[in-house]
**Q** 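Sharing a structure, written as structure tokens. Questions coming.
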Amino acid sequence: MKTKLAALLLLLPLGVAGLLRCNSSNGDLDNPRQGTITIAADESFKPLVKSLTNAYEGIYPNTHFNIDFKPEQEAIRQLLNDSARIIFTTRQLSEKELEVIKRQKGSQKFQHIATDGLALVIGKSNTDSLITVPELKAIIEGKITDWSQIKGEQQGLITLVFDNANASNLNFVLNKFGVKNIQKLRIISAGSNENVIKDVRENPTHLGFIGVSWISDGHSLASEELSKGIRVMGVAKDAKPDSLAEYIQPFQEGLEFKRYPLHRDVYIISREGYSGLGGGLMTYIARDVGGLIIQKMGLLPTVVYPRELEIKTEL
């Protein structure tokens, strides 16, 4: 009897392992080293998210991320509908959104992974590459409508170009300046951050808003190509800057210590209730070389990848 019981106990772990493998192949169960999940991200973070997930899949070839790039509010709805495991956003969930997950008896956790900058871009033919926060606020409020109202040589009606009406870029600007009505603004929805760049390149009176990771990766040919024919505006916090040094651009030096006035946080929000593939990606970003990838993309990682230096002293 004891012999039969011992044999049964030995077979039990094998049966559970076989069941786990079966569920994993069906997509019902995943872990940090294998499986497929759906994630969603605001389109302004597309270069960043692709770099992070491609690197992770390169380390763990049995993993795969189905990525939906869409406006931020739609990505959040996808998380609430439980059709996306994790999302990349510029904000945490609101109390109402958290209540939705609570009613579903689901779990939720977030992780601050980086500091990003909302870049203001213009075409090379527009020579006004400097702007102050008060001037930008007046533009968003509809009080400044022509480039001639800003100190510089450019003239003509200002047209604002965003990627999408429900995306993080427009929402960030409206929330920052407390603007709710945009009906009186000359505003265009280009459909993507890449299309914003193409639009301002061809129209000298257009002012575009993009996530800086589209143009900040100095090692990417795509980023280099997109940067051609455009200028990234320097933004000063005060109305009357004392020097040109107060005009900051949204690259790493400006994002450090949040000196760039239009900086914003980047979060991963997860509703994964167990140690799955989503948690594996979050750990990779927080504790592994994910921070180095974020840094390479031109953003400021929350957790900087440690570098070891060997110092030799000659006596």
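What's counted below: heavy atoms across the whole structure, side chains too, no hydrogens, waters or symmetry copies.
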**Q** Within the structure provided, determine whether Lys137 and Pro134 are in side-chain contact (heavy-atom separation under 4.5 Å).
**A**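 Result no, sub-4.5 Å side-chain heavy-atom pair not found.
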**Q** Can we call the ring centroids of Tyr56 and Phe65 under 6.0 Å apart?
**A**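 Yes, ring centres under 6.0 Å apart.
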**Q** Looking just at side-chain N and O atoms, do Asp42 and Ser44 make a donor-acceptor pair shorter than 3.5 Å?
**A**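 Present: a donor and an acceptor within the cut-off.
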**Q** Just verifying a value: how many Å separate Leu226 CG and Asp217 CG, rounded to the nearest 0.5 Å?
**A**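 It comes to 11.0 Å.
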**Q** Any luck finding a side-chain donor-acceptor pair between Asn66 and Arg85 under 3.5 Å?
**A**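 No.
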**Q** Can a side-chain donor-acceptor contact be found between Asn195 and Ser192 if the only test is distance below 3.5 angstrom?
**A**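 Side chains of Ser192 and Asn195: pair found under 3.5 Å.
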**Q** Ignoring hydrogens and geometry, is there a side-chain-to-backbone donor-acceptor pair from Arg186 to Leu160 under 3.5 Å?
**A**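 No.
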**Q** Would a hydrophobic clustering, with Ile, Leu, Val, Met, Phe, Trp and Tyr connected at side-chain separations under 4.5 Å, put Leu118 with Phe177?
**A**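 Yes; Phe177 is reachable from Leu118 via cluster members.
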**Q** Do the side chains of Phe88 and Phe110 join up, straight or via other hydrophobic residues, at under 4.5 Å, putting them in one cluster?
**A**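 The answer is no; the residues belong to distinct hydrophobic clusters.
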**Q** Output yes when a side-chain donor or acceptor of Gln108 lies under 3.5 Å from a complementary backbone atom of Leu98, and no otherwise.
**A**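 Such a contact is absent between Gln108 side chain and Leu98 backbone.
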**Q** Test of understanding: clusters of I, L, V, M, F, W, Y form through side-chain heavy atoms closer than 4.5 Å, transitively. Do Ile122 and Leu120 belong to the same one?
**A**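 Yes; Leu120 is reachable from Ile122 via cluster members.
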**Q** Determine the minimum heavy-atom distance between Met233 and Trp147, stating which atoms define it.
**A**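 Shortest heavy-atom contact: CE-CZ3, 4.4 Å.
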**Q** Is NZ or CZ of Lys46 both nearer than 6.0 Å to the six-membered ring centre of Phe69 and within 45° of the ring axis?
**A**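 Yes, cation above the ring, under 6.0 Å and within 45°.
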**Q** Minimum heavy-atom separation for Ile140 and Leu185, please, with both atom names.
**A**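 Scanning both residues completely, I find the closest heavy atoms to be O-CD1, 3.4 Å.
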**Q** Using modelled atom types only, decide if a donor and an acceptor are shared between the side chain of Ser213 and the backbone of Pro47 within a distance under 3.5 Å.
**A**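 No, the answer is negative, given that no donor and acceptor are paired below the 3.5 Å cut-off.
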**Q** What do the steps show when you test His206 against Ile188 for side-chain contact (heavy atoms from CB on, under 4.5 Å), and what is the final call?
**A** CA-CA 9 Å; His206 288 196; Ile188 293 175; 3.8 Å; yes
**Q** Going by heavy atoms in the side chains, are Val121 and Ile210 under 4.5 Å from each other?
**A**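 Yes, close enough: below the 4.5 Å cut-off.
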**Q** Using a distance-only test with no angle check, is there a side-chain donor-acceptor pair under 3.5 angstrom linking Asp146 and Gln155?
**A**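 Note: Asp146 and Gln155 side chains miss the donor-acceptor criterion.
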**Q** Closest approach of Glu97 and Leu80, non-hydrogen atoms and distance?
**A**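 In terms of heavy atoms, the two residues are closest at O-CD2, 3.5 Å.
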**Q** Assess, by modelled atom type and distance only, whether the side chains of Asn193 and Glu43 contain a donor and an acceptor separated by less than 3.5 Å.
**A**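 Distance-only check passes for Asn193 and Glu43.
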**Q** Mark yes or no for whether Gln252, through its side chain, and Gln295, through its backbone, hold a donor-acceptor pair below 3.5 Å.
**A**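 Yes.
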**Q** Has Glu72 got a side-chain atom pairing as donor or acceptor with Ala167's backbone, closer than 3.5 angstrom?
**A**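 Answer holds: no.
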**Q** Using only atom types and a distance under 3.5 Å, with no angle test, would you say the side chain of Arg231 pairs donor to acceptor with the backbone of Lys124?
**A**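 Yes, the answer is positive, given that a donor and an acceptor are paired below the 3.5 Å cut-off.
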**Q** If we check side-chain contact (heavy atoms from CB on, under 4.5 Å) with Ile76, which of these qualifies: Val100, Thr89, Asn166?
**A**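 Only one of Val100, Thr89, Asn166 forms a side-chain contact (heavy atoms from CB on, under 4.5 Å) with Ile76, namely Thr89.
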**Q** Do Leu130 and Tyr260 land in one hydrophobic cluster if side-chain heavy atoms of ILVMFWY residues count as linked below 4.5 Å?
**A**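 No.
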**Q** With the threshold set at 4.0 Å, does a side-chain nitrogen-carboxylate oxygen contact exist between Glu194 and Lys198?
**A**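 Answer for the salt bridge query: yes.
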**Q** Would you say the rings of Phe162 and Phe209 are close, in the sense that their centroids are separated by under 6.0 Å?
**A**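 Centroid separation for Phe209 and Phe162: below 6.0 Å.
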**Q** Among Thr90, Asp116, Asn175, Thr115, whose side-chain hydrogen bond (donor to acceptor under 3.5 Å, both in side chains) with Arg264 holds?
**A**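 Option passing the side-chain hydrogen bond (donor to acceptor under 3.5 Å, both in side chains) with Arg264: Asp116.
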**Q** Side chains of Asp30 and Tyr274: donor-acceptor distance under 3.5 Å anywhere?
**A**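 The criterion, which ignores hydrogens and geometry beyond distance, is satisfied for Tyr274 and Asp30.
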**Q** Identify the two heavy atoms, one from Ile86 and one from Gly278, that lie closest to each other, and give their separation to 0.1 Å.
**A**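 What the structure gives for the nearest pair is CG2-CA, 4.3 Å.
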**Q** Has the side chain of Asn126 got a donor or acceptor atom that lies under 3.5 Å from a matching backbone atom of Asp128?
**A**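 Yes; judged by distance alone, with no hydrogens or angles, the pair exists.
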**Q** As an exercise, state the distance from CG of Asp265 to CD of Gln92, rounded to the nearest 0.5 Å.
**A**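 Output value for this atom pair is 8.5 Å.
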**Q** Could you tell me the separation between the CD atom of Gln249 and the CZ atom of Arg259, rounded to the nearest 0.5 Å?
**A**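 So the CD of Gln249 and the CZ of Arg259 are separated by 11.0 Å.
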**Q** Between atom CG of Leu174 and atom CD1 of Ile182, what is the distance when rounded to the nearest 0.5 Å?
**A**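 One finds 6.0 Å between CG of Leu174 and CD1 of Ile182.
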**Q** Under the side-chain contact (heavy atoms from CB on, under 4.5 Å) rule, what do Thr53 and Ile67 come out as? Steps first, then yes or no, please.
**A** CA-CA 9 Å; Thr53 53; Ile67 312 173; 3.5 Å; yes
**Q** Would Ile269 and Leu93 count as a side-chain contact (heavy atoms from CB on, under 4.5 Å) here? Give the steps.
**A** CA-CA 8 Å; Ile269 304 177; Leu93 298 182; 3.9 Å; yes
**Q** Please determine whether side-chain contact (heavy atoms from CB on, under 4.5 Å) holds for the pair Arg271 and Leu79, giving the CA-CA distance in whole Å, both sets of side-chain angles, and the decisive distance to 0.1 Å.
**A** CA-CA 8 Å; Arg271 58 175 303 160; Leu79 181 79; 3.7 Å; yes
**Q** Cluster question for you: counting only ILVMFWY and a side-chain heavy-atom cut-off of under 4.5 Å, with indirect links fine, are Trp214 and Ile293 together?
**A**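 Per the 4.5 Å side-chain linkage, Trp214 and Ile293 are co-clustered.
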**Q** Rounded to the nearest 0.5 Å, what separation is found between the CG atom of Leu48 and the CE atom of Met297?
**A**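 Between atom CG of Leu48 and atom CE of Met297 there are 5.5 Å.
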**Q** Classify the side-chain pair Lys70/Gln78 by whether it contains a donor and acceptor separated by less than 3.5 Å.
**A**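 Looking only at side-chain atoms, Gln78 and Lys70 do form a donor-acceptor pair, the distance falling under 3.5 Å.
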**Q** Can a donor-acceptor pair be found, under 3.5 Å and without considering hydrogens, that links the side chain of Glu272 to the backbone of Gly279?
**A**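 Flag set: sc Glu272 to bb Gly279 pair under 3.5 Å.
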**Q** Given 3.5 Å as the limit, does a donor-acceptor pair link the side chain of Glu256 with the main chain of Glu253, or not?
**A**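 Not a single qualifying donor-acceptor pair exists.
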**Q** Around atom NZ of Lys296, are there more than 12 heavy atoms from other residues, nucleotides or ligands closer than 6.0 Å?
**A**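 Yes, because the 6.0 Å sphere around NZ of Lys296 holds more than 12 heavy atoms from other groups.
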**Q** With distance as the sole test, does Asn203 use its side chain to make a donor-acceptor pair with the main-chain N or O of Thr205 at under 3.5 Å?
**A**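 Checking the backbone N and O of Thr205 against the side chain of Asn203, no donor-acceptor pair under 3.5 Å is found.
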**Q** Quick check for you: to the nearest 0.5 Å, what is the distance between Lys176 atom NZ and Leu262 atom CG?
**A**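 If we round to the nearest 0.5 Å, Lys176:NZ and Leu262:CG are 6.0 Å apart.
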**Q** Do Glu224 and Ser227 have a side chain donor and acceptor closer than 3.5 Å?
**A**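 The answer is no; no qualifying pair exists.
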**Q** Please report the shortest heavy-atom distance between Asn164 and Leu170, naming the atom on each side.
**A**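 Heavy-atom minimum between the residues: O-CB, 4.1 Å.
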**Q** For residues Ile59 and Pro61, report the shortest heavy-atom separation together with the two atoms involved.
**A**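 That would be O-CD, 3.3 Å.
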**Q** Decide yes or no for Ile87 and Ile39: does some side-chain heavy atom of the first lie under 4.5 Å from some side-chain heavy atom of the second?
**A**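 Counting from C-beta outward, Ile87 and Ile39 never come under 4.5 Å.
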